[in-house]
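Each remark here refers to the structure printed beneath this line.
Hydrogens, waters and symmetry mates are skipped; everything else that's a heavy atom, side chains included, is used.
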Amino acid sequence: VQLQASGGGLVQAGDSLRLSCAASGRTFSVFVEAWFRQAPGKEREFVVVRKSGDIPYYADSVKGRFTASRNTANNTMYLQMNSLKPEDTAVYYCALTNKLLAGSHAYYFSPARYVYWGQGTLVTVSS
């Protein structure tokens with residue numbers, strides 16, 4: 001599976017941005033999709049995860065502002081980001097794994113759980 005992320009850019013606080021992540025290859029084997037972000041000098045941080053057949057689960061820091069979705073027809077994930085804040089500035093990564101576990105989403109908060117990664121797209125929010 002290959003992932004191509006796009007849509008990052010420079011915006012002002014309060015603006016919106018939509019990220020895309022196009023998947024190709026053996027995508028039928030993928031059951032869990034996620035977005036992470038990494039700010040300069042910080043560790044990669046969980047943003048949202050969506051297990052197959054389930055609704056997205058968001059980090060508290062983005063809940064109510066970000067919305068994850070996907071278009072099955074073109075194998076593309078999206079992250080709609082509204083009311084952006086300077087602290088949202090980071091490189092955003094899409095990630096996939098074919099390991100599906102029932103129950104708590106916490107297992108998927110760690111970047112180590114994911115097999116496939118996009119190259120990252122930079123989002124910069126100015127104040």
Please output the side-chain donor-acceptor pairs of residues 120-127 that fall under 3.5 Å, not counting sequence neighbours, one pair per line with the distance.
from, atom 1, to, atom 2, distance (Å)
Thr121, OG1, Gly8, N, 3.0
Ser126, OG, Val11, O, 3.3

### Message
So, using side chain to side chain donor-acceptor pair (under 3.5 Å) as the criterion, who are the partners of Thr72 when residues are at least two apart?
### Response
Arg70
List, one per line, each side-chain donor-acceptor pair under 3.5 Å for residues 95-103, sequence neighbours excluded.
from, atom 1, to, atom 2, distance (Å)
Thr97, OG1, Lys99, N, 3.3
Thr97, OG1, Arg113, O, 3.3
Lys99, NZ, Tyr107, OH, 3.3

### Task
Identify whether Trp35 and Val115 are in the same connected component of the hydrophobic contact network (ILVMFWY, side-chain heavy atoms under 4.5 Å).
yes
### Query
In chain order, what residues pass the salt bridge (Lys or Arg N to Asp or Glu O under 4.0 Å) check against Arg18, with sequence neighbours excluded?
none
### Task
Give every residue pair that meets the side chain to side chain donor-acceptor pair (under 3.5 Å) criterion with at least one member in residues 73-83, sequence neighbours excluded.
Ser16-Asn82, Thr27-Asn75, Asn74-Thr76, Gln80-Asn82
#### Entry: Tyr108 side chain near Tyr114 side chain, heavy-atom distance below 4.5 Å
yes
### Query
So which pairs with a foot in residues 52-72 pass ring pair (Phe, Tyr, Trp, His ring centres under 6.0 Å), sequence neighbours left out?
Tyr57-His105, Tyr57-Phe109
#### Entry: By side-chain contact (heavy atoms from CB on, under 4.5 Å) - contacts of Glu87 (at least two apart)
Lys85
### Message
Test of understanding: with side-chain contact (heavy atoms from CB on, under 4.5 Å), list the residues that count as partners of Asp60, not counting sequence neighbours.
### Response
Lys63
### Query
Any side chain to side chain donor-acceptor pair (under 3.5 Å) pairs touching residues 3-13, not counting sequence neighbours?
none
### Message
Count I, L, V, M, F, W, Y as connected when their side-chain heavy atoms are under 4.5 Å apart, and connections chain through other members. Are Val91 and Val62 then in the same cluster?
### Response
no
### Val47-Met77 co-clustered via ILVMFWY side chain contacts under 4.5 Å
yes
### Message
Checking Ala90 now: which residues fulfil side-chain contact (heavy atoms from CB on, under 4.5 Å) with it, not counting sequence neighbours?
### Response
Arg37, Ala39, Tyr92
### Task
For Gln2 and Ala23, indicate whether the former's side chain and the latter's backbone hold a donor-acceptor pair under 3.5 Å.
no
### Query
Heavy atoms, side chains only, cut-off 4.5 Å: are Arg50 and Val32 in contact?
no
### Query
Looking at residues at least two apart in the chain, or sitting in another chain, which of them share a side-chain contact (heavy atoms from CB on, under 4.5 Å) with Arg44?
Phe36, Gln38, Tyr93, Pro111, Trp117
### Task
If a pair satisfies disulfide (SG to SG under 2.5 Å) and one of its residues is in residues 63-127, list it, with sequence neighbours excluded.
Cys21-Cys94
### Query
Say you draw a straight line from CG of Asp88 to OG of Ser61; how long is it, rounded to the nearest 0.5 Å?
7.5 Å
